[in-house]
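Every number for a ligand or one of its atoms is a count from 1 in the order of the listing. Count residues from 1 along the sequence. In this text, all values refer to a predicted model and were calculated from it rather than measured experimentally.
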Amino acid sequence: MIRVGLLGCGAIGRDHARRIHESIAGMDIVAVYDVFEEGAKKAIENIPGAKICATSDELIESPDVDAIVICSIDSTHEPLVLKCIEVGKPVFVEKPMADTPEGAKRIVDAEIACGKKLVQVGFMRRYDVGYRALKEHLDSKVQGEPLIAHCAHRNPTNNPEMPDSMVVTGTLIHEIDVMSWLLDDYFVKAQMLVPRSSVNSPKQIHDPQIMVLTTSKGIIVEVEAFIFCKYGYEVHCEIISETGTAKLPQPMSIEWSSDAKTHKNIMTDWKYRFIDAYDVEFQAWADALNEGKHSGGPDAWDGYKAAVTAATVIKAQESGGIEEIPLPEKPSFYN
Ligand code: ISE
């Protein structure tokens, strides 16, 4: 049984605590920490025996904690992951792994120096049944090679104070990871297209905006981010290949007609859209840790690749031009 300590008890942290306690076999929550004690108390309300630690270091160093889950605010991810590597404990960190490429590189260097893959990044879309089916389809090459991907990532609302860069590091980072995994390719160029903004979006950001990425094989991935779209939470992905197209399936929802109208519900909360993916992701992490290995899921190199790509997208957001993505060669440690 892997004894897990949770750092950061906001909405997603509490959700992961509940998930690990109720749904994941071979793993349980034994300790939590949050700068706000109220959050920590809430997280363990239904987890008898779990304790609240006074600091993050106390939790990471505790002899009762075998592995750590990090769900605190983005700027704390890098130092906390580095501390886990320093004490040699496996760590699951919500995205982004670090908020700068330099920070992500420090994590990669520390992990290589410690000689063991300890880091998994919370890119849960790789565990979504729809994305997995789409990947299997693309890998079969039944429609030839992929040429273009049209994607959309829409949130009804978001943090009203966020800067434009967070649209990339908090939202588009999912497409940056999942599209590179799906297409088995990496990105070499980035551009940001900016239409007029919605009256419902905060003034300091562009919303919607369109990220255009080019892969090393020349595939164009175009993603609309519309994070104050009001009407619901939706993730779309359509791949155009040489002899046909393929679409990411949408969550099941009945279609009902009445009074000369057809209705279909759309989700509003990303935590529910990917609820099954989170369960599969954590079960894979638990199973791997119980066997003393890495799950093979998103690792520190994936976190680093995403950080480098995101930083270049932010550069393109500022310059309005096409920017080259400076990705160094993958160290053999990650092969
Ligand atoms: C949030 O942090 C997520 O991870 C969601 O998947 C994303 O849709 C949302 O925009 C982010 O704020």
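The residues E145 and K141 are annotated as salt-bridged, a charged nitrogen and a carboxylate oxygen being separated by less than 4.0 angstrom.
Under 4.0 Å from any atom of ligand 1, one finds heavy atoms of residues K95, M124, H153, N155, N158, G170, T171, H174, Y233, W270.
Considering only residues two or more places apart in sequence or on other chains, T76 meets the side chain to side chain donor-acceptor pair (under 3.5 Å) condition with S72. For S319, the side-chain contact (heavy atoms from CB on, under 4.5 Å) test picks out E323, with sequence neighbours left out. In terms of the side chain to side chain donor-acceptor pair (under 3.5 Å) criterion, residue partners of S295 (sequence neighbours excluded) are, by chain and number, Q120.
Donor-acceptor pairing under 3.5 Å is lacking for the side chains of D99 and H77. A donor-acceptor pair shorter than 3.5 Å cannot be found between the side chains of H236 and E224.
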